[in-house]
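Quick notes on the structure that follows.
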Amino acid sequence: MSSTTTASTQPVTIAGGYSFNGHLKVPGDKSIAHRALMIAALGQRPCEIWGLADGQDVHHTRQAVEALGAHVEDLTDNAVRVTGGLTGTSEPIFLGNSGTSIRLLAGMVAGFDFNTILDGDASIRRRPMARVIEPLTAMGGSVQGSGPEGSLAPLSIHGRRLRGVYHSLPVASAQVKSALLLAGLQAQGTTTVHETQLTRTHTEEMLVAAGAKLQRNDLTVTIWPGPLDPSDIHVPGDPSQAAFWLVGACMTPDSNLTVSNVYLGPARDGFLEVLQSMGADIDVDSSSGDIRARSSVLTATRVAADKLPRCIDEVPILAVAAAASEGVTVFEGVEELRVKESDRVAAIVDLLVGLGVDCQVLIQNGRQCLGVSGIGNGQKFKSAIVNARADHRIAMAAAIAGAVCVGSVTVEGFESTATSYPGFARDLTVVSGTAVVGADSNEAIS
Ligand code: S3P
């Protein structure tokens with residue numbers, strides 16, 4: 001965690017025709033890591049966090065809580081001890097590419113008695129922030145956005161006394177829900193967030209574990225203000241990272257791969273259901289979090305809009321699985337994917353069309369849907385040069401697609417894998433034996 005990450009920006013090339021075998025441990029879950037650092041920073045006594053991912057996003061949250069006054073000490077490569085206490089900083093806080101960091105921190109600091117400026121890279125400055133600005137303003141907060149409509153980062157937050165509100169989320173977003181729950185810790189009265197579709201529940205669970213008074217009633221969560229007293233936190237493996245390897249194993253011959261210690265909680269396991277509905281040969285050991293995937297005969301599926309929040313980050317790699325399968329897969333209601341680290345709808349279409357796959361945006365029942373016509377099991381994608389659009393999940397999905405490519409896949413912007421998974425190229429070589437040409441300097445260096 002003490003290293004900064006620099007990366008080569010040269011394209012990498014991966015020659016096709018490999019399988020996925022052996023055992024792998026993926027980095028600690030990114031969503032849990034952000035929350036662990038924030039909750040520890042709000043805590044009353046030192047708290048240890050074990051299993052932190054080494055990606056840039058988590059590193060930015062660490063730097064943010066340090067800048068705000070928490071003390072973070074390295075214990076090992078992926079463990080820290082955090083001593084909480086927020087005093088604020090007059091310096092802008094740079095959060096790189098991390099949407100979770102900027103939105104959750106906005107809620108976390110809004111009720112403190114200091115001012116904060118939150119900013120990020122070019123991608124963050126394009127992403128919608130009104131979704132946190134508006135409800136925090138309704139709580140009495142002062143959050144000024146930038147851009148013509150004041151709805152973009154940087155965010156300028158003047159800390160002030162908040163009051164609890166009832167907020168119904170217009171879009172399914174764990175980030176917005178979490179921002180409001182964190183703000184609710186400092187608010188007068190209760191804060192209630194209602195969601196129409198279940199999104200990841202880490203914030204609720206971790207706040208309860210840290211002693212917050214919080215109640216969930218179906219899709220409605222209410223929090224009472226109060227101090228936190230977190231115990232040590234062990235971060236399990238990231239299911240969103242595991243998904244790349246599991247899809248790779250399912251769509252290639254002679255594959256048998258186990259990813260161990262994966263988080264399997266509610267709202268993060270949707271991708272497993274999608275893969276199972278495609279006929280994937282996957283065994284899940286829910287007590288250990290170990291997931292084994294073997295070569296499979298994959299058939300098309302339909303992913304309903306109300307299922308999408310439960311696999312939102314896995315759509316790029318699920319689209320690759322669909323492209324390798326038999327039949328037409330449809331992902332319904334993909335609008336939110338347009339405002340992720342890149343416009344992932346456009347990025348997926350470019351990726352798959354480049355690989356020779358028929359992939360189109362369809363309008364069905366007034367919703368944007370993504371239709372992918374699979375090439376059929378045992379068939380090959382054509383060679384492609386893919387622009388990852390500085391989006392880690394597009395870069396990794398493209399690299400895995402290389403496994404069923406007749407020639408090779410070249411990924412421009414592969415260095416974006418460092419956002420969440422700096423060791424991705426190394427792990428790809430470990431499980432597949434394939435070389436990732438050009439990736440030598442993509443790992444974190446101090
Ligand atoms: C996240 C929530 C999701 C997800 C993101 C991480 C989180 O975003 O796409 O990668 O940690 O809360 P939204 O809540 O905006 O859908």
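Start at 1 and go down the list; that is how both ligands and their atoms are numbered.
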When you measure from [atom] to every protein heavy atom, which one gives the shortest distance, and what is it?
atom: atom 6 (C) of ligand 1; result: Thr100 OG1, 3.4 Å
atom: atom 15 (O) of ligand 1; result: Ser173 OG, 3.2 Å
atom: atom 11 (O) of ligand 1; result: Ser31 OG, 2.7 Å

Using distance alone, decide if ligand 1 has a nitrogen or oxygen within less than 3.5 Å of any nitrogen or oxygen in [X].
X: Glu341; result: no
X: Arg131; result: no
X: Ala174; result: yes

When you measure from the heavy atoms of [X] to every atom of ligand 1, does any distance fall below 4.0 Å?
X: Lys340; value: yes
X: Asp313; value: yes
X: Lys177; value: no
X: Arg200; value: yes

Quick one: do [X] and [Y] make a salt bridge, cutoff under 4.0 Å?
X: Asp313; Y: Arg200; answer: yes
X: Glu273; Y: Arg310; answer: yes
X: Lys340; Y: Asp391; answer: no
X: Arg344; Y: Glu335; answer: no
X: Arg125; Y: Asp119; answer: yes
X: Lys25; Y: Asp238; answer: no

Exercise. Taking atom CG of Leu219 as the centre, does the number of heavy atoms from other residues, nucleotides or ligands within less than 6.0 Å exceed 12?
Worked result: yes
For this session: Between His392, Glu314, Arg35, His34, flag the one that comes closest to atom 7 (C) of ligand 1 by a heavy atom.
Result: Arg35
Exercise. Have Gln241 and Ser420 got a donor and an acceptor in their side chains that come within less than 3.5 Å?
Worked result: yes
Exercise. Counting from 1, what ligand 1 atoms have a heavy atom of Ile312 closer than 4.0 Å?
Worked result: 9 (O)
